[in-house]
Amino acid sequence: MRTDYTQIFQDSAAVEKYEHIVYAPDSYWSAINRRQREYLRGLARRAFPYRRPVQHDFACGTGRAIRILHGLVRGAHGYDTSAAMLAKAQEVGAYAVMHQIDETGPVPTPVPTDAPALVTVFRLLLNVDEAVRDRAIAFAAQVLSHYDAGLLVVENHGNAHSLRHLRHRRHGAKPWFAELSHDDVATILDRHGFTIVEQRGFALFTQGWYGRRWLRPIAQFVDDLATRVGLAGRYAVNVLYIARRTRPTLGALASGDLTSTVSATPPAPPAPSAASASPAPEPSEETEGPRRDPDAESW
């Protein structure tokens, strides 16, 4: 795995290659981007039917995720360490307020916004070490402090359960080759109190299939169909994970922080006099217990 990913994209030439060659109109990754766009726009509509979210795109690069969701969010903020990437994002029409953040140091503080929020982290986890992965998800945890705060969308573009894994023996020692399993991603998210609630794949075939003229139409047809019906989530090369905050970040609480401070047998209140006695007030909505999600822990 390369450890100089951030430094690479400080160079404007690398940014131009990323935007115009990697994501050229007829490229493998532009086909994936088209499928992701269709899925994410549908997700935004069904997940936020009453109020559009504010998007916080961490490691936004050239603003691909921001452009995907344009018109379905009520505001957007892009965060990146590369000034060249941020400049390119604005040049190509990513409508967002851009923020350059430090490469190291404390977890960046997101711009305060009202809920709901949608945090996106695309093409980052695979390319960086564990500390940077934790930094990204810790950032998301600041935005999404509880279950109803919104959604986190994380991309893994090197799924270890896909056909791409067959190249591991040949290319595994090379600095540009990395892969993450579904369990790897779930573990990173779990450390910060997130639970995966949905997973969708966008390409069963590898880039090599798209590079062969006679194989490309077959691969593209199968990938389009598998994405549309949701059958590619486990074995796709490229996977999006949708997560919600279900509990506090592991390690953020001191021992006993989740223990009730109420005594097991609290003293009974003094009985009211007959003159002051009145019916007990009806319980208000504020006294409800914490929300319980049937598929995840309560926060």
Side-chain angles (χ1 to χ4, degrees), residues 5-45 47-48 51-103 108-128 132 135-137 139-140 142-144 150-157 200 202 238 240-242:
Y5 185 75
T6 299
Q7 288 73 29
I8 290 172
F9 287 105
Q10 299 293 348
D11 178 24
S12 58
V15 174
E16 289 292 331
K17 178 181 178 182
Y18 178 83
E19 179 64 23
H20 298 295
I21 297 179
V22 174
Y23 280 95
D26 60 345
S27 71
Y28 175 70
W29 292 107
S30 66
I32 290 174
N33 186 67
R34 172 178 52 80
R35 298 180 196 117
Q36 289 181 341
R37 176 184 173 84
E38 181 179 348
Y39 167 73
L40 286 171
R41 292 183 72 82
L43 174 71
R45 291 187 180 99
F48 305 101
R51 191 183 192 205
R52 290 178 299 168
V54 174
Q55 183 181 8
H56 295 264
D57 190 19
F58 190 86
C60 65
T62 60
R64 181 170 60 92
I66 294 169
R67 284 177 276 160
I68 282 175
L69 291 166
H70 176 66
L72 294 177
V73 297
R74 67 181 196 275
H77 295 271
Y79 308 81
D80 204 283
T81 59
S82 168
M85 279 289 205
L86 294 175
K88 176 57 70 173
Q90 293 184 316
E91 179 187 322
V92 297
Y95 293 101
V97 180
M98 299 299 178
H99 309 272
Q100 187 172 2
I101 57 177
D102 294 332
E103 295 178 26
T109 301
V111 175
T113 55
D114 294 334
L118 181 60
V119 180
T120 46
V121 183
F122 278 33
R123 289 185 74 98
L124 177 72
L125 298 192
L126 191 71
N127 301 313
V128 294
V132 180
R135 195 167 187 253
I137 307 306
F139 171 89
Q142 293 184 77
V143 180
L144 305 170
L151 294 175
L152 168 62
V153 182
V154 175
E155 182 181 32
N156 173 12
H157 61 291
R200 184 64 66 98
F202 297 92
N238 182 281
L240 291 184
Y241 306 87
I242 316 304

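In this chain, residues are counted from 1 in sequence order.
The closest side-chain donor-acceptor pair between His56 and Thr113 falls under 3.5 angstrom. Side chains of Thr81 and Gln100: a donor-acceptor N/O pair is absent below 3.5 angstrom, by distance only.
A donor-acceptor pair under 3.5 Å links the side-chain atoms of Arg35 to the main chain of Phe202, judged by distance alone. Side-chain atoms of Arg74 never come within 3.5 Å of backbone atoms of Arg51 as a donor-acceptor pair (strictly under, hydrogens ignored). A donor-acceptor distance shorter than 3.5 angstrom exists from the side chain of Asp80 to the backbone of Gly61, with no hydrogens or angles considered. Side chain of Gln90 to backbone of Tyr95: no donor-acceptor contact under 3.5 angstrom is found. In this structure, the side chain of Gln55 engages the main chain of Ala65 through a donor-acceptor pair within 3.5 Å. Judged by distance alone, with hydrogens and angles left aside, the side-chain atoms of Arg67 form a donor-acceptor pair with the main-chain N or O of Thr62 at under 3.5 Å.
Remark: aromatic rings of Phe139 and Tyr79 are close, center separation under 6.0 Å.
For Glu38, the CD atom counts as loosely surrounded, since its 6.0 Å shell holds 12 or fewer non-hydrogen atoms of other residues, nucleotides or ligands.
Rounded to the nearest 0.5 angstrom, His157 NE2 and Trp29 CH2 are separated by 5.5 Å. The structure places OG1 of Thr120 at 8.5 Å from CG of Leu40, a figure rounded to the nearest 0.5 Å. Between Leu43 atom CG and Leu118 atom CG the span is 7.0 Å, to the nearest 0.5 Å. Note that CD1 of Ile101 is 8.5 Å distant from SG of Cys60, once rounded to the nearest 0.5 Å.
In this view, Phe48 satisfies the ring pair (Phe, Tyr, Trp, His ring centres under 6.0 Å) rule with no residue, not counting sequence neighbours. Residues passing the salt bridge (charged side-chain N to carboxylate O under 4.0 Å, His left out) test with Arg34, sequence neighbours excluded: Asp224.
By the 4.0 Å N-to-carboxylate-O rule, Glu155 lies close enough to Arg64 to be salt-bridged with it.
Looking at Pro108 and Phe58, their side chains come closer than 4.5 Å, going by heavy atoms from C-beta outward. Inter-residue side-chain proximity for Val97 and Val111 is flagged as unmet; no heavy-atom pair is nearer than 4.5 Å.
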Checklist entry - Can you list the steps and then say if Tyr39 with Ile242 is a side chain to side chain contact (heavy atoms under 4.5 Å, CB included)? => result CA-CA 12 Å; Tyr39 167 73; Ile242 316 304; 3.4 Å; yes
